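Encoded as structure tokens, the structure appears first; notes follow it.
The structure presented is a predicted model; accordingly, all values stated were derived computationally and were not measured.
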Amino acid sequence: MLLRTLVLALAVFASAPASALYDPKPNALLEPAIGRWAGTLTYRDYQQPDKMVTLNTTMTATLAGPNQLTLYYVFDDGPGKTVYSYESMQFDLDAKKLVWISGANKPERSTYTITASSLVDGIGTMAFEKKSDDGINRFRLELSASQWLLEKNEVDAAGTSRLRNRYLFKRP
């Protein structure tokens, strides 16, 4: 009887993770993001808006689901100063929606409208935006096996676009 119970328990444990075998494959547009990246963050200085600042940055991207990127950044912010950042990006291409959560201590959640997406010759591109108090925050994401580009432009009420920041990474 004990042997039969043990065999039954083992069968239950062995079959429990089998349902994970039927999860959907990763979104083809996001799949190239997986892995470790090295490059820079260039941004418009908040105190001197005409000055651009560039920080050496590494980023690790994983998939938390077939349409969800989890990002971990490490920024070299000068001698002896390292800054860390955590983000999650949940893409719903059918609904044309992106939910972006930034920060670990005080997470900020933003929802964007996906205005375009394509995958051509292994290069995925996506555009998404959100209205702000001053106009529109517009993003462009380009992913391939060797390069990651994420750029934010602020568009004012008059339609003038100005670069706010740009992440540019390559495989190390």
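Note on Leu141 and Ile34: same hydrophobic cluster, where clusters join Ile, Leu, Val, Met, Phe, Trp and Tyr whose side-chain heavy atoms are under 4.5 Å apart, directly or indirectly. Under the 4.5 Å side-chain heavy-atom criterion for grouping Ile, Leu, Val, Met, Phe, Trp and Tyr, Tyr84 is not connected to Ile101 through any hydrophobic cluster. Leu41 and Tyr46 fall within the same hydrophobic cluster, where Ile, Leu, Val, Met, Phe, Trp and Tyr residues are linked whenever their side-chain heavy atoms come under 4.5 Å apart, directly or through other members. Note on Leu93 and Leu98: same hydrophobic cluster, where clusters join Ile, Leu, Val, Met, Phe, Trp and Tyr whose side-chain heavy atoms are under 4.5 Å apart, directly or indirectly.
Lys51 NZ to Arg44 CZ: the interatomic distance, rounded to the nearest 0.5 Å, is 12.5 Å. Here Thr58 contributes atom OG1 and Phe169 contributes atom CZ; the two are 7.5 Å apart, rounded to the nearest 0.5 Å. Residue Ile123 holds its CD1 atom at 5.5 Å from OG of Ser144, rounded to the nearest 0.5 Å. Note: Met59 CE to Ser85 OG = 10.5 Å, rounded to the nearest 0.5 Å. The structure places OG1 of Thr125 at 7.0 Å from CG of Leu29, a figure rounded to the nearest 0.5 Å.
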Donor-acceptor pairs are to be reported for all side-chain atoms of residues 64-81 against protein atoms at under 3.5 Å, with residues two or more places apart or in another chain.
| from | atom 1 | to | atom 2 | distance (Å) |
| --- | --- | --- | --- | --- |
| Asn67 | OD1 | Asn27 | ND2 | 3.2 |
| Gln68 | NE2 | Ser88 | OG | 2.8 |
| Tyr73 | OH | Glu87 | OE1 | 3.3 |
| Asp76 | OD1 | Gly78 | N | 3.3 |
| Asp77 | OD2 | Lys81 | NZ | 3.3 |

Identify all side-chain donor-acceptor contacts of residues 145-159 below 3.5 Å with residues at least two apart in sequence or on another chain.
| from | atom 1 | to | atom 2 | distance (Å) |
| --- | --- | --- | --- | --- |
| Gln147 | OE1 | Lys170 | NZ | 2.5 |
| Glu151 | OE1 | Arg140 | NH2 | 3.3 |
| Glu151 | OE1 | Asn153 | ND2 | 3.4 |
| Glu151 | OE2 | Arg166 | NE | 2.7 |
| Glu151 | OE2 | Arg166 | NH2 | 2.8 |
| Asn153 | OD1 | Leu163 | N | 3.2 |
| Glu154 | OE2 | Arg164 | NE | 3.3 |
| Asp156 | OD1 | Ala158 | N | 3.0 |
| Asp156 | OD1 | Gly159 | N | 3.0 |
| Asp156 | OD1 | Thr160 | N | 2.9 |

What side-chain donor-acceptor pairs closer than 3.5 Å can you find for residues 106-116, not counting sequence neighbours?
| from | atom 1 | to | atom 2 | distance (Å) |
| --- | --- | --- | --- | --- |
| Thr115 | OG1 | Ala127 | O | 3.3 |

Determine, step by step, whether Asp134 and Arg162 satisfy the salt bridge (charged side-chain N to carboxylate O under 4.0 Å, His left out) criterion, reporting the C-alpha distance in whole Å, the side-chain angles of both residues, the deciding distance to 0.1 Å, and the verdict. CA-CA 12 Å; Asp134 301 328; Arg162 186 169 182 176; over 6 Å; no
Check the pair Lys130, Trp100 against side chain to side chain contact (heavy atoms under 4.5 Å, CB included), reporting the backbone distance first and the verdict last. CA-CA 11 Å; Lys130 178 182 178 181; Trp100 192 344; over 6 Å; no
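By the side-chain hydrogen bond (donor to acceptor under 3.5 Å, both in side chains) test, Arg171 is found to be paired with no residue, residues two or more places apart in sequence or in another chain being considered. Annotation: side-chain contact (heavy atoms from CB on, under 4.5 Å) contacts of Pro26 (sequence neighbours excluded): Glu31, Leu63. For the ring-ring contact (aromatic ring centres under 6.0 Å, His included) test, no residue two or more places apart in sequence or in another chain qualifies with Tyr43.
The local environment of NZ in Lys97 is sparse, with at most 12 non-hydrogen atoms from other residues, nucleotides or ligands closer than 6.0 Å.
Residues Ala33 and Ala61 share a closest heavy-atom pair of O-CB, 3.1 Å. The minimum heavy-atom distance between Tyr86 and Ala104, with the atom names listed, is CD1-CB, 3.8 Å.
For the residue pair Thr40 and Thr54, no side-chain donor N or O sits within less than 3.5 Å of a side-chain acceptor on the partner.
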